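Structure in structure tokens, see below.
Everything numeric in this text was worked out from a predicted model, so none of it was measured. Numbers here simply count residues along the sequence, with the first being 1.
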Amino acid sequence: MSPGLDLRLAPAAAAVWAVTLVGLLVGWTAAAALAALALLAVPLVVPAARHRAWARGALVVLLLAGVTAAGMAVRAHGAAQHAVRQAAHHGERLTARVTLTSAPVPLHGPSFGARRAQDRALVRAELETAEVRGRHVRAGGPVVLLVPTAQWRELIAGQRVTVHGKAAPPRPGELTIAAVQVFDAPAEVAPAPGWQRAAADLREGLRSTAAAELGPAAAGLLPGLVIGDTSGLPPEVAQDFDAAGLTHLMAVSGANLAIVCGAVLLLLHLVGAGPVLSVLGAGAALVGFVVLAGPEPSVLRAAAMGAISLLALALGRRRSALPVLSASVIGLLLLLPELATSPGFALSVAATAGLVLLAPAWAAGLRDRGVPIGAAEAVAVPLAAHVVTAPLVAALSGTVSLVAVPANLLAGPVVAPATVFGVLATVVAPLSAWLAGTFTWLAAPELEWLVLVADRAAAVPGGAVDWLPGTAGGLLLAGLLLVVLIALRGKRIRVLVSVALLLVVLVLVPVRNAVSGWPVPGWSMVACDVGQGDGLVLATGRPEEAVVVDTGPDVERATACLQRLGVRRVPLAVLTHLHADHIGGLAGLLGEFAVGAVAVGPLREPAWAMREVVRNARAHRVPVVPMQSGQRASWPGLVLDVLAPDPALARTQTAEDANDASIVLLATTPAGRLLLTGDVELPAQGRLLSSGVDLRADVLKVPHHGSRYTTPRFLSAVRPRTAVISVGDGNSYGHPSPFVVDTLARAGTAVLRTDHEGDIAILPGPHGPRHVSRGDPLRAVDR
């Protein structure tokens with residue numbers, strides 16, 4: 001063991017994390033088996049533990065792993081067998097009384113008929129009572145509510161409400177009982193506890209003060225820096241922060257708490273407070289910040305990481321920081337097991353480990369080479385954080401940022417003052433609007449600088465390099481970084497690496513961006529990567545012309561996809577149904593291309609969406625035409641047969657039935673038969689199966705982004721060689737369902753996902769359709 005590090009608790013933390021993952025991802029039986037094995041092994045180690053240090057460490061690992069596995073088995077079994085979970089697997093409706101454990105959080109991608117991302121929100125709650133099919137079922141357990149933001153925006157954590165909705169299975173890797181789709185306002189709303197209401201008033205005061213004193217970008221950024229509230233941040237600014245690798249600044253993290261508590265420690269030190277009073281003051285600030293931001297899992301995680309950051313940086317005890325980090329990981333996972341699958345938790349742990357293990361040594365090395373102390377720490381901290389988190393980011397996003405480190409270097413010096421001024425404005429807002437405005441005004445230059453840095457970094461060509469996504473990509477990058485770090489110990493190697501990096505930045509990246517190999521000639525269909533939504537393009541056989549089926553959730557991504565394909569004319573744009581993740585890009589399509597007509601189904605709900613479609617079409621003098629089962633449209637290289645919906649059903653359907661009212665198209669192309677299914681769920685799939693129509697297709701656009709509401713009987717009737725799932729990376733809905741993906745894979749179907757592949761082209765092959773992903777034409781395969 002290195003004399004500067006204490007690794008004794010690290011194996012126990014790793015074991016607890018691994019066991020928790022098994023319980024969440026594999027199930028309660030696997031967790032129970034691990035518990036039995038660990039506890040059976042304890043007596044075998046006890047004799048050696050009296051004399052051997054390694055045996056004592058192994059004993060601690062076995063005991064903690066056994067206790068964790070047993071707890072996970074009990075929790076996972078209770079969740080799996082819960083009556084509401086069983087109802088969710090059948091999509092049944094329920095009435096429930098719940099206590100909210102979080103405020104409504106706007107979803108990042110529009111869906112379920114939302115006009116914008118803010119029109120649907122996610123609320124976490126604890127189930128008190130539930131009624132399914134007129135009978136009461138066992139209560140207790142966490143649930144997730146998908147609610148209309150406008151009718152729920154005033155609610156806060158701690159309130160008890162009654163909801164009516166449709167139950168759905170939760171995302172994999174959670175102990176949540178069910179997800180409930182709610183389309184109505186909450187009923188029987190009870191008041192929140194006083195401390196929750198006071199914290200909510202403080203948060204609202206911050207938002208109001210920021211809006212009154214700052215420009216739109218800075219006003220949306222300040223609540224994000226202080227309490228992680230990005231609801232007011234303009235979308236284009238949020239995209240810039242994401243591209244620049246600065247998104248972490250707008251999430252409640254250990255850095256926020258370290259800044260706030262560090263400011264309190266500094267103030268107490270200046271007034272001559274002793275160590276005990278300083279610790280009490282910092283602890284009070286920590287608790288107060290948790291109350292202000294809300295005691296949710298991410299905030300509690302941040303509190304633990306912030307305490308460790310203070311220990312490492314404020315107290316300078318590097319040796320004790322790693323045991324505290326390990327103990328915090330163990331405690332948090334025992335309290336909140338779902339953190340084991342949380343990317344945010346993994347990134348926090350990695351960043352904190354880099355902060356306490358790498359940053360001090362790197363800062364010391366820079367100081368030894370004549371770099372001033374402040375500059376050395378300013379370089380070492382973001383560099384260490386980026387190096388240790390880069391493999392995780394690459395695994396999650398499939399990209400490696402080349403601008404994140406310089407962007408963080410430029411942003412770092414102003415984050416602390418902006419955060420402190422924001423917290424001060426929040427605290428004094430109820431007492432003095434003038435004083436709150438003064439603190440906000442003092443934060444304005446720092447906020448504008450952060451917006452400028454994000455904007456300029458996002459505009460750098462080739463700022464993010466595509467990387468192999470998933471676990472394999474993360475491990476590959478981790479191995480390469482480890483080799484580089486070891487090699488950099490030699491002076492000559494450092495020079496060679498510096499020259500190689502300059503070549504990559506100045507030569508290889510621009511060349512790579514200039515020569516993309518896209519579009520591939522002869523494509524019949526392209527599934528555009530539009531995020532969490534659908535955007536399909538069908539070649540008509542005429543140059544520069546294509547039919548569009550759905551336009552994705554925003555005005556940019558579908559338009560950019562068509563421009564990459566060289567499309568200029570769109571004779572027909574089909575909107576399978578009027579949910580925002582399918583119609584959000586229509587305005588961009590009409591504004592950029594010559595569109596012949598917009599087709600919609602017989603159900604004209606949600607009403608706001610239909611009004612928006614008509615308004616956009618009229619503004620560009622494009623007719624809106626009806627489309628229903630039995631119709632056919634043809635071009636030289638494309639025939640579209642409409643299989644659904646039946647117009648008679650529209651008379652009895654409502655906005656909640658929009659998915660099942662989707663237009664279903666069978667496209668005959670040079671690449672074969674393509675079945676395009678919109679978001680049809682179980683009822684509509686059943687009607688298609690009972691209609692007697694031949695559903696067999698070479699390529700299936702999987703319904704509803706791979707939702708669990710797809711029956712194996714429907715997939716079996718289609719028997720596709722290739723299945724395309726249009727889905728957003730890291731979406732909040734758990735799409736695609738592992739059950740659907742596994743069902744297709746077991747049938748020998750090649751499953752393609754836009755969140756993994758990007759734009760996906762389907763083209764003819766000698767033995768059926770083949771596919772090519774954008775940027776990698778050599779990946780075309782015959783199927």
Side-chain angles (χ1 to χ4, degrees), residues 109-117 119 235 525-526 528 530-531 533-540 542 544-563 565 567-635 638 640-642 644-645 647 650 653-655 657-659 661-665 667 676 678-679 701 726:
S111 188
F112 300 110
R115 183 190 301 264
R116 303 179 184 88
D119 284 335
M525 183 189 83
V526 171
C528 297
V530 294
D534 274 8
L536 308 176
V537 186
L538 297 165
T540 64
R542 295 171 178 157
E544 301 181 340
E545 182 181 85
V547 169
V548 172
V549 181
D550 291 326
T551 60
D554 61 62
V555 297
E556 296 180 358
R557 299 183 72 165
T559 299
C561 179
L562 287 168
Q563 290 171 339
L565 294 171
V567 173
R568 295 180 180 272
R569 295 181 303 278
V570 179
L572 180 66
V574 180
L575 304 177
T576 59
H577 61 297
L578 300 178
H579 278 174
D581 55 333
H582 293 252
I583 70 168
L586 179 62
L589 180 75
L590 295 170
E592 296 291 335
F593 303 94
V595 180
V598 176
V600 297
L603 180 64
R604 307 300 172 88
E605 296 287 347
W608 72 261
M610 189 62 203
R611 290 193 297 269
E612 192 167 289
V613 168
V614 172
R615 181 171 61 252
N616 286 329
R618 284 178 178 173
H620 295 87
R621 298 183 179 179
V622 175
V624 177
V625 299
M627 181 171 277
Q628 61 194 40
S629 59
Q631 292 180 325
R632 168 175 281 196
S634 61
W635 294 265
L638 173 67
L640 291 179
D641 289 295
V642 186
Q653 291 178 318
T654 67
D657 302 306
N659 283 340
S662 293
I663 295 172
V664 178
L665 299 172
L676 314 180
D679 279 0
K701 201 291 295 184
S726 185

Just checking Arg618: does its CZ atom have more than 12 heavy atoms from other residues, nucleotides or ligands closer to it than 6.0 angstrom?
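Counting other residues, nucleotides and ligands, CZ of Arg618 stays at 12 neighbours or fewer.
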Residue pair Asp679 / His579, side-chain donor-acceptor N/O under 3.5 Å:
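No, His579 and Asp679 have no side-chain donor paired with an acceptor closer than 3.5 Å.
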Over all atoms of both residues, closest heavy-atom pair of Met627 and Leu572
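Reported closest heavy-atom pair: CE-CD2, 3.9 Å.
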Within the 4.5 Å heavy-atom criterion, are Pro645 and Val664 side-chain neighbours or not?
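Pro645 vs Val664: side chains apart.
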Can Asp534 and Lys701 be said to form a side chain to side chain contact (heavy atoms under 4.5 Å, CB included), step by step?
CA-CA 10 Å; Asp534 274 8; Lys701 201 291 295 184; 2.7 Å; yes
What pair of heavy atoms forms the shortest contact from Ala546 to Val537, and how long is it?
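Looks like CB-CG1, 3.5 Å.
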So which atom in Val642 and which in Ile663 form the shortest heavy-atom distance, rounded to 0.1 Å?
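Minimum heavy-atom separation between Val642 and Ile663: CG1-CG2, 4.2 Å.
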Reference residue Val614; test side-chain contact (heavy atoms from CB on, under 4.5 Å); the match among Met610, Arg611, Glu612:
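Filter result, single survivor: Met610.
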Please tell me if the side chains of Arg557 and Cys528 come closer than 4.5 Å, counting only heavy atoms from C-beta onward.
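No; the side chains remain at least 4.5 Å from each other.
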Kindly give the heavy-atom pair with the smallest separation between His582 and Asp550, and that separation in Å.
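So the minimum-distance heavy-atom pair works out to ND1-OD2, 2.9 Å.
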Atom pair CG/CG of Asp581 and Asp554 - distance to nearest 0.5 Å
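Result: 11.0 Å between the selected atoms.
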If you take all heavy atoms of Gly535 and Ser726, which pair is closest and at what distance?
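What the structure gives for the nearest pair is N-OG, 4.3 Å.
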Interatomic spacing from CZ in Arg568 to CD in Gln563 - rounded to 0.5 Å:
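Spacing of CZ (Arg568) from CD (Gln563) equals 10.0 Å.
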Please list, one pair per line, the donor and acceptor atoms closer than 3.5 Å that link side chains of residues 589-597 to other protein atoms, with sequence neighbours excluded.
none

Nearest 0.5 angstrom please: Leu575 CG to Ser662 OG, how far?
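If we round to the nearest 0.5 Å, Leu575:CG and Ser662:OG are 11.0 Å apart.
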Heavy atoms only: give me the nearest Glu605-Ala658 pair and the separation to one decimal.
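Heavy atoms of Glu605 and Ala658 come nearest at O-CB, 4.1 Å.
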Consider side-chain contact (heavy atoms from CB on, under 4.5 Å). Of Val567, Val574, Leu562, which one does Val548 pass it with?
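Per the side-chain contact (heavy atoms from CB on, under 4.5 Å) rule, the option paired with Val548 is Leu562, out of Val567, Val574, Leu562.
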If we ignore hydrogens and angles and just use 3.5 Å, is the side chain of Arg542 paired with the main-chain N or O of Ala539 as donor and acceptor?
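Checking the backbone N and O of Ala539 against the side chain of Arg542, no donor-acceptor pair under 3.5 Å is found.
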Would you mind reporting whether Arg569 and Thr540 have side-chain heavy atoms less than 4.5 Å apart?
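No. Closest side-chain heavy atoms not under 4.5 Å.
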So, taking the atom named CG in Asp657 and the one named NE2 in His577, what distance separates them when rounded to the nearest 0.5 Å?
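So the CG of Asp657 and the NE2 of His577 are separated by 12.0 Å.
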Rounded at 0.5 Å granularity, tell me how far CG in Leu676 sits from CG in Leu640.
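With rounding to 0.5 Å, CG (Leu676) is 7.5 Å from CG (Leu640).
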If you apply the rule side chain to side chain contact (heavy atoms under 4.5 Å, CB included), what do you find for Leu538 with Leu536, and how did you get there?
CA-CA 7 Å; Leu538 297 165; Leu536 308 176; 5.5 Å; no
